Amino acid sequence: MSSLAFAAEAVTGIPHLAAAVPGADNPHADFSDTPWWLSLVKALLVFVFLLVNTLVVIWFERRVIGRMQQRPGPNRTGPFGLLQTLADGIKLALKEDLTPKNADKVVFALAPMIAGAMAFVSFAIIPMGPMVSMFGHRTPLQLTDTPVAVLLVLAVAGVGVYGIVLAGWSSGSTYPLLGGLRSTAQVISYEIAMGLALVAIFLYSGSMSTSQIVYSQRDLWYILPAFFSFLVYVVTMVGETNRLPFDLAEGEGELTGGFHTEYSSLKFAMFFLGEYVNMFTVSALATTMFLGGWQAPPGIAAINDGMFNHGWWGLLWFVIKLWLFMFFFVWLRGSLPRVRYDQFMRFGWKFLIPVTLAWVVAVAFIRGAQLGYFGNSSVGLAGREFPVATLIIVGLIAALALAVTWVWEGKQAEKQAAAEAQLPEEIDPFAGGYPVPPLPGQRLREPSLAIEKESNRA
Amino acid sequence: MTGTGEQVLFWVLGPISVLAALGLLFAKKAVHAAIGMALVMINLGVFYIANQADFLGIIQIFVYTGAVMMLFLFVLMLVGVDSSDSLVETLKGQKVASLLLALGLAVMVFLAIGKVAFPPMKGLDSVNAGTGNVTGVANLIFGQYVWVFEITSALLITAALGAMVLAHRERIGERPSQRTWSERRIRENRNVAGLPAPGVYARHNAVDTPALLPDGTPSQLSVSRVLSAREQVITPVRHVESEHDIEHEIEEGRDR
Amino acid sequence: MPEQKKGGFFSDLFAPVGGFGVTFATMFRKLETEEYPEEKRPTQPRFHGRHQLNRHPDGLEKCVGCELCAWACPADAILVEGADNTDDARFSPGERYGRVYQINYLRCIFCGLCIEACPTRALTMTNFYELADNNRGDLIFTKEQLLAPLQEGMLTPPHPMVDGMEERDYYQGKVSKATPEQERWVSEHQAEPEDGLAWTGDPVEGVDTLAGGRQATRDTDKAVKR
């Protein structure tokens with residue numbers, strides 16, 4: 001077995017590659033001074049943070065969408081309509097809780113609990129700030145961290161989907177079943193694309209631990225080198241959370257509410273809550289992966305030797321970035337119509353996944369060049385050192401992308417020209433036996449002219 | 001030595017796993033069995049994490065529970081909703097034979113495992129702190145066991161391709177678009193307004209129940225040809241009778 | 001096919017996301033929403049609001065109980081019962097008056113056909129539209145809720161016509177206000193009406209529905225107390 005193992009290692013060259021930084025997987029944050037009760041306090045704080053943010057975002061969304069549609073949004077309950085969410089919550093709690101006769105009672109009650117609980121769990125590993133002192137202990141502003149933290153978010157999202165599909169099935173009627181299955185298919189398709197987009201980030205930072213990823217963005221936020229991952233991630237995060245333009249599971253016109261049709265009162269509120277908290281989780285993940293987490297923006301970070309990057313300031317920047325993503329979600333909802341299901345699935349499977357795979361391969365090559373596997377020479381330009389290998393790889397990839405785009409555009413133009421060429425310029429309206437009106441741009445064959453031509457020929 | 005936290009975790013989740021597994025075996029509804037299986041898989045993931053195999057545990061939850069079990073659930077929901085197993089034996093003496101053989105296998109497995117002696121626990125602390133959990137797994141997968149890994153993935157790809165090929169239907173001619181359908185219908189002057197919808201009765205409506213023509217006969221156009229070919233179309237007699245019953249009750253109530 | 005205008009490079013590049021610019025710019029546009037109970041848009045002069053039964057300048061009602069409005073109503077919302085004017089109890093110039101007059105605002109469609117049918121211009125529509133309520137009874141407006149308020153120089157019926165005047169003179173507008181003889185007659189004959197019943201036994205006429213808040217006017221913005 002050892003000769004085979006040796007052959008295997010020789011083929012892949014693992015011993016060379018394994019000379020990377022040891023222990024780079026592990027979290028950067030230091031949890032040594034965090035007693036168990038402090039973790040409990042942090043868990044409670046995270047829970048409260050999410051709930052308060054949900055309350056605010058519901059109000060925010062309704063007001064902003066109202067303004068985008070040139071109307072005020074709720075402004076009756078409380079000043080500026082701030083108590084509207086409270087009123088809605090109380091109304092939902094006091095509504096009658098119906099269980100359909102054909103419903104599977106246990107699963108019917110269990111499904112919203114799964115969906116709601118899983119949404120909160122994924123927020124446990126999001127770093128909201130650097131080391132702070134709480135109650136006399138130095139602790140990171142993060143509930144926990146593991147070497148596989150980001151995968152935990154994806155895994156928990158996968159379990160949360162069970163809530164939706166079980167809700168659809170247990171309602172005992174067709175609309176929820178169809179809506180639940182649709183929604184589940186949507187979420188797991190876009191989960192794959194999301195994971196692949198994040199692989200590029202893992203390649204750049206060398207770890208899947210969120211605090212490590214934030215730490216490795218201290219020089220440059222990953223939105224710049226991994227911009228394509230960012231674009232793909234933004235599309236998939238909207239798909240994951242069932243928000244417009246991807247909210248086919250709840251499309252009222254098509255499915256009268258989809259998987260939550262038969263739900264009322266607090267169970268419905270649980271789904272609602274789960275959806276909004278999911279929005280927060282994916283936005284927080286995007287902030288962590290692409291926008292440097294809790295770090296201050298580059299200009300402000302330089303002030304006073306990084307004063308704004310310490311302690312509780314991190315929470316401020318984190319919340320600002322989180323709410324930028326929330327505004328983006330609301331903006332999307334206000335601007336875009338819903339996609340059709342087959343268009344959506346085709347886009348996810350036939351476009352996003354292959355292109356993201358290609359991107360991951362490209363990033364692997366770029367990282368390989370950066371880590372010096374293709375040689376270590378570098379060239380100096382305007383006072384900064386640029387490694388030659390990286391430049392060559394990036395140039396090659398850019399050239400390839402341009403070539404592909406050029407070929408594709410040529411094919412599109414050909415198709416369009418072919419479609420246009422099919423229509424004749426001049427038609428005889430009575431050719432089919434009955435009169436046919438001309439399409440825009442066509443001419444009719446004038447009967448008088450035709451008769452003249454015939455008589456001239458005769 | 002296992003710490004108290006881990007012991008509590010094990011003794012809480014262990015019985016839950018066993019109960020879930022028993023649910024998988026004995027649940028009446030297929031979906032309940034699937035939920036039991038998903039619960040077992042989640043618990044397995046948690047046990048792997050408790051044994052310091054972080055990556056493995058998370059992947060267990062992500063891939064198995066999140067993707068594989070989800071597909072199981074899809075199939076169960078769409079196909080096996082009403083079906084129940086028939087407990088009639090088709091082979092003579094099958095129950096007794098299978099029971100004896102299963103017992104024999106269980107005894108053999110227990111004897112084999114019972115003889116195993118483990119050396120004292122090393123744990124993954126040194127590896128996790130040294131090369132890191134994920135890098136360690138990567139070193140094994142792409143280093144020592146790369147052939148096994150690649151051959152297994154080739155097997156998986158072959159299976160996926162095989163499923164696609166088996167389910168594929170070769171198209172003869174291009175797929176008619178909505179426009180072509182509409183033109184065809186109008187040119188042939190048949191069913192210009194579209195086919196009739198399946199029947200809707202007082203207590204039932206489904207795609208396999210035909211609608212009734214004005215003279216009371218079921219309309220073959222209102223159910224799919226595929227269902228007719230498979231003889232899965234049900235007669236609406238029962239539903240029509242139940243409609244009459246309902247009308248009868250209403251009349252009675254009115255007279256009373 | 002005529003060539004579509006080709007935009008510049010940047011407009012083509014950002015064409016798919018042009019919609020976002022529209023929604024973003026709309027956020028900063030002035031709102032046209034009117035905040036209803038605080039700001040109310042005034043209605044047009046010929047607005048079809050709540051009905052009003054008008055009076056002649058001396059206080060006699062114009063309604064003669066001819067029931068033409070009830071026959072004209074497409075929604076069957078008006079109930080009219082006429083009665084004879086006697087010398088002791090005269091409510092309108094001429095022979096008859098509308099003794100019972102009810103409009104059911106749950107049925108009324110505010111079409112105005114009853115206004116077009118009324119021969120004496122007794123029935124007109126005001127601009128009052130805040131008629132929402134939560135039970136059927138309160139939305140059947142009776143005569144006292146529909147009568148126009150008493151103005152300067154008007155006397156509450158029942159009282160005789162102006163001396164020497166006939167019905168024709170009232171219609172030709174020759175009566176301008178109540179005469180002192182009429183005032184004298186009223187102070188002699190009319191007891192203080194109790195519980196909304198006049199001394200003839202007929203409902204209401206003596207009660208000043210305006211001051212009691214039981215009738216809304218053109219300018220009221222509060223709901224009518226019943």
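Quantities reported herein were computed from a predicted structural model and do not represent experimental measurements. No hydrogens, no waters, no symmetry mates; every other heavy atom, side chains included, goes into these values.
Other residues, nucleotides and ligands place more than 12 heavy atoms under 6.0 Å from the CD atom of Gln343(A). Applying the 6.0 Å contact sphere to CZ of Phe80(A) captures no more than 12 heavy atoms from other residues, nucleotides or ligands. In the displayed structure, Lys95(A) atom NZ is contacted under 6.0 Å by at most 12 heavy atoms of other residues, nucleotides or ligands. Atom CD of Glu39(C) has more than 12 neighbouring heavy atoms from other residues, nucleotides or ligands inside a 6.0 Å radius. More than 12 heavy atoms of other residues, nucleotides or ligands shown are found within 6.0 angstrom of CZ on Arg76(A). Within a 6.0 Å radius of CD in Gln44(C), no more than 12 heavy atoms belonging to other residues, nucleotides or ligands are found.
Screening Gln69(A), Gln70(A), Arg67(A) against Thr26(C) for a side-chain contact (heavy atoms from CB on, under 4.5 Å) leaves a single residue, Gln70(A).
How far CZ of Arg63(A) is from CE of Met27(C): 12.5 Å, rounded to the nearest 0.5 Å. For the atom pair Phe24(C) CZ and Phe327(A) CZ, the distance stands at 5.0 Å (nearest 0.5 Å).
What you find for Pro72(A) and Thr33(C) is that their closest heavy atoms are CD-OG1, 3.0 Å. Shortest non-hydrogen contact noted between Thr23(C) and Ser335(A) is OG1-OG, 2.9 Å.
Using a 4.5 Å cut-off between heavy atoms, Glu38(C) touches chain A through its side chain atoms alone. Proximity to chain C is limited to the side chain of Leu336(A), based on heavy atoms less than 4.5 angstrom apart.
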Check your understanding: When you look at Val22(C) and Met68(A), which way does the side chain to side chain contact (heavy atoms under 4.5 Å, CB included) test go after all the steps?
Key -> CA-CA 9 Å; Val22(C) 172; Met68(A) 286 184 176; over 6 Å; no
